[in-house]
Amino acid sequence: MGDVVNLLDHDLDGLSAYCEGLGEKRFRATQLFRWIHQKGAKDFASMTDLAKSLREKLAGRAEIRGLPVLTEQVSSDGTTKWLFDVGGGNAVETVFIPEDDRGTLCVSSQAGCAVGCRFCSTGHQGFSRNLSTGEILAQLWFAEHRLRERLQLPAGERAITNVVMMGMGEPLQNYSALIPALRVMLDDHGYGLSRRRVTVSTSGVVPMMDRLREDCPVALAVSLHAPTDALRDELVPLNRKYPLDELMAACKRYLQAAPRDFITFEYCMLEGVNDTEEHAQALLALVHGRGEHRVPCKLNLIPFNPFPASGLQRSSRERVLRFAKVLQDAGLVTTIRKTRGDDIDAACGQLAGEVQDRTRVGERMKRLPVPIVPLGVK
Ligand code: SAH
Ligand code: SF4
C-alpha cells in the first residue's frame, strides 16, 4: 500500500475525489469532512454515523494528522500562542487573539520566510520550507477544537471567527498550499467563515495577488511600510521586483473582486526610519494616486515590535499619533494596532518559531547595517 494520506490536506472537492477513488459517494465525503473540521474528530472509529464500510476502507490508508504541539502559552489578556513542530528542526507559531466580539487566529504559511524584511523576526531567520495545506489547516483545526474545550463553548459555537494569514511566512509565496486551505476555512461544511473574515496579508507578490482575485478572493492586507520605492526597497526587499506603482495597480485590480471595498495597508512604525510627517504626506500622495492609481484603503499603523537582532526601534507614541493625524486629517481611515500578548512575545513580527535556514538570508542580515534612506532619494 502507498503512503498514508493526511485528510487535512484536502478541501471538500479533493476529499470527494479521494472518496470517489475508494468507490464512495460524494455525500460520504461531506460527512467525513464535517467530522474532521466541525467536530474535530481525530480518528475514524469515533465517526459513529459514517458507513462502517467507509471507515474500514479509510483505516490504514488515511489519517487525520495534526501537528505535534511543542508549547502553549496563555497571556494575561487571553492571547494564546502555540508552537507546532513541523519536523526537520523547524517549528511554526500560531496565535489566538480574543476580543469582545470575535476571536482571531493568526496562522503561519511557511517555516521562515524568504522575503527578508528588516523589521521582521521571521525574515531575519531565513527560509526553510513551505507548509503543506494540511500543516496550514492543522493550526486552525487544533486551535478551534482546543479553544472550544478550554472555553467550554456550547455545542455549535465557534471560538475562531476570523483568520488572518499573518503568522510566519509569505502566504502568496506558498500559493498552491494556501488556496485549498482558504477553501476549507470558507466552506460551510468546514469552518464556514465569510470571505470578509479571512484575510491574506502579503508583502506584495503582484502576480499572485491577481491569481488570488481569480481563484479565491478574500480580504487583502498589503504590508506597505514605506511610501517611496527607495525606502521600501530597503525595508521590504521584494519591492525591487514589484515596485510601488505595480503594487498599487494590483491593489486596484484586486478590489474588482474583493469581498470588501478597500485594501488594508499595514505600516510598521520605525523610529526615525519611516515615521515623520513627510513620510505621512508621501504616503497620502501614494494612496491618493500618483497618476491614476487611487486605491480605496484603510491604514493600519503597527507599532514596531522590537527584537534584538533588528537594530530598529519602535516609534514613540507621540510620533505615531502625529503620523496618524496627518492621514486622518486628509480623510484616510487610519487605525493604530493594539499590541496584544506582550508578555508572551505573541505580537506581529515577533513570531520566531524555529527555522533551519536553507538560504543565506540570516547571514546577509547580520552584515548589513540598518539603512535610513532620505525621502525622495532614489
Ligand atoms: N508575510 C506577510 C504576512 C506575515 S507578516 C506580510 O508581510 O504581510 C504580518 C504583518 O506583521 C506584516 O504586516 C508585517 O509587516 C508585520 N510585521 C513584521 N514584523 C513586525 C514587527 N517586528 N513589528 C510589527 N509588525 C511587524
Ligand atoms: Fe516575510 Fe512578512 Fe516577515 Fe516580510 S514581514 S519577512 S514578508 S513574514
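For the side chain to side chain contact (heavy atoms under 4.5 Å, CB included) with L172, the qualifying choice from R211, M165, M208 is M208, the only one to do so. With T80 as the partner, the side chain to side chain donor-acceptor pair (under 3.5 Å) test is satisfied by one option alone out of R146, E72, R150: R150.
Between the side chains of T335 and N300, at least one donor N or O sits under 3.5 Å from an acceptor N or O. Judged by distance alone, the side chains of S121 and H124 never bring a donor and an acceptor atom under 3.5 Å apart. Looking only at atom types and distance, the side chain of Q31 has a donor-acceptor partner in the side chain of R28 under 3.5 Å away. Checked by atom type, the side-chain pair T202/E170 shows a donor-acceptor distance below 3.5 Å. With no hydrogens or angles considered, a side-chain donor-acceptor pair links D215 and Y175 at under 3.5 Å.
In this structure, the side chain of N90 does not engage the main chain of V86 through any donor-acceptor pair within 3.5 Å. At distances below 3.5 Å, not a single donor-acceptor pair connects side-chain atoms of T122 with backbone N or O atoms of C120. Of the possible donor and acceptor atoms, none in the side chain of D210 sits under 3.5 Å from a partner among the backbone N and O of R213. W141 places a side-chain N or O within donor-acceptor distance of the main-chain N or O of I36, the cut-off being under 3.5 Å. Between the side chain of S108 and the backbone N or O of Q110 there is no donor-acceptor pair closer than 3.5 Å. Between the side chain of H37 and the main chain of L137, no donor-acceptor pair closer than 3.5 Å is present.
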Could you walk me through whether K325 and E318 pass the salt bridge (Lys or Arg N to Asp or Glu O under 4.0 Å) test, one step at a time? CA-CA 10 Å; K325 188 167 186 307; E318 299 75 72; over 6 Å; no
Side chain to side chain contact (heavy atoms under 4.5 Å, CB included) assessment of D101 paired with E99: CA-CA 6 Å; D101 57 343; E99 283 170 285; 4.2 Å; yes
For the pair L186 and R195, evaluate side chain to side chain contact (heavy atoms under 4.5 Å, CB included) and give the outcome as yes or no after the intermediate values. CA-CA 7 Å; L186 301 175; R195 289 181 187 278; 3.6 Å; yes
Please step through side chain to side chain contact (heavy atoms under 4.5 Å, CB included) for the pair L32 and C19, ending with a clear verdict. CA-CA 10 Å; L32 180 57; C19 286; 4.0 Å; yes
Decide ring-ring contact (aromatic ring centres under 6.0 Å, His included) for F323 and Y267; before the verdict, give the C-alpha distance in whole Å, the side-chain angles of both, and the deciding distance to 0.1 Å. CA-CA 11 Å; F323 193 92; Y267 196 100; 5.1 Å; yes
CA sep, side-chain torsions, deciding dist, call: R322, E277, side chain to side chain contact (heavy atoms under 4.5 Å, CB included): CA-CA 7 Å; R322 217 181 314 141; E277 288 184 44; 2.8 Å; yes
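At most 12 non-hydrogen atoms from other residues, nucleotides or ligands lie less than 6.0 angstrom from CG of D100. Enclosure of atom NZ in K57 by more than 12 non-hydrogen atoms of other residues, nucleotides or ligands within 6.0 angstrom is indicated. Within a 6.0 Å sphere centred on CD of Q152, other residues, nucleotides and ligands contribute 12 heavy atoms or fewer. Heavy-atom neighbours of Q313 CD from other residues, nucleotides or ligands within 6.0 Å: at or below the threshold of 12. Around the CZ atom of R317, the shell of radius 6.0 Å holds no more than 12 heavy atoms that belong to other residues, nucleotides or ligands. Within a 6.0 Å sphere centred on NZ of K39, other residues, nucleotides and ligands contribute more than 12 heavy atoms.
Taking hydrophobic clusters as Ile, Leu, Val, Met, Phe, Trp and Tyr residues chained together by side-chain heavy-atom distances below 4.5 Å, V69 shares a cluster with V107. No continuous path of ILVMFWY side-chain contacts below 4.5 Å connects M166 to F127, so the two sit in separate hydrophobic clusters. The same ILVMFWY cluster, assembled from side-chain heavy atoms under 4.5 Å apart, contains both L231 and V115. Taken together through direct or relayed side-chain contacts under 4.5 Å among Ile, Leu, Val, Met, Phe, Trp and Tyr, V198 and F262 form parts of separate hydrophobic clusters. Taking hydrophobic clusters as Ile, Leu, Val, Met, Phe, Trp and Tyr residues chained together by side-chain heavy-atom distances below 4.5 Å, L284 does not share a cluster with V333.
Here K25 contributes atom NZ and L54 contributes atom CG; the two are 12.0 Å apart, rounded to the nearest 0.5 Å. Atom CG of L182 is separated from atom CD1 of I136 by 8.0 Å, given to the nearest 0.5 angstrom.
Not a single side chain to side chain donor-acceptor pair (under 3.5 Å) links T161 to another residue, sequence neighbours left out. Residues passing the side chain to side chain donor-acceptor pair (under 3.5 Å) test with D77, sequence neighbours excluded: S75, T79, R340. Taking the side chain to side chain donor-acceptor pair (under 3.5 Å) definition, one finds that H225 meets it with nothing, sequence neighbours left out. In terms of the ring pair (Phe, Tyr, Trp, His ring centres under 6.0 Å) criterion, F304 has no residue partners (sequence neighbours excluded). Applying the side chain to side chain donor-acceptor pair (under 3.5 Å) criterion to D275, with sequence neighbours excluded, gives S315, R319.
Between R232 and D229 there is no salt bridge, since no side-chain N of the basic residue sits under 4.0 Å from a carboxylate O of the acidic one. Between R253 and E214 there is no salt bridge, since none of the side-chain N atoms of the basic residue sits less than 4.0 Å from a carboxylate O of the acidic one. Under the 4.0 Å criterion applied to side-chain N and carboxylate O atoms, E246 and K241 are not assigned as salt-bridge partners. Ion pairing between R148 and E144 holds under the 4.0 Å rule for side-chain N and carboxylate O.
Of all the heavy atoms in I160 and L193, the pair that sits closest is O-CD2, 3.8 Å. Residues L301 and A324 approach most closely at CD1-CB, 3.8 Å, considering heavy atoms. Across C106 and G167, no two heavy atoms sit closer than the pair SG-N, 3.4 Å.
The side-chain heavy atoms of N239 and L244, taken from C-beta on, include a pair separated by under 4.5 Å.
For residues 7-18, the side chain to side chain donor-acceptor pair (under 3.5 Å) pairs, not counting sequence neighbours, are D13-R26.
Under the 6.0 Å cut-off for aromatic ring centres, F142 and F84 qualify, their centroids lying closer than that.
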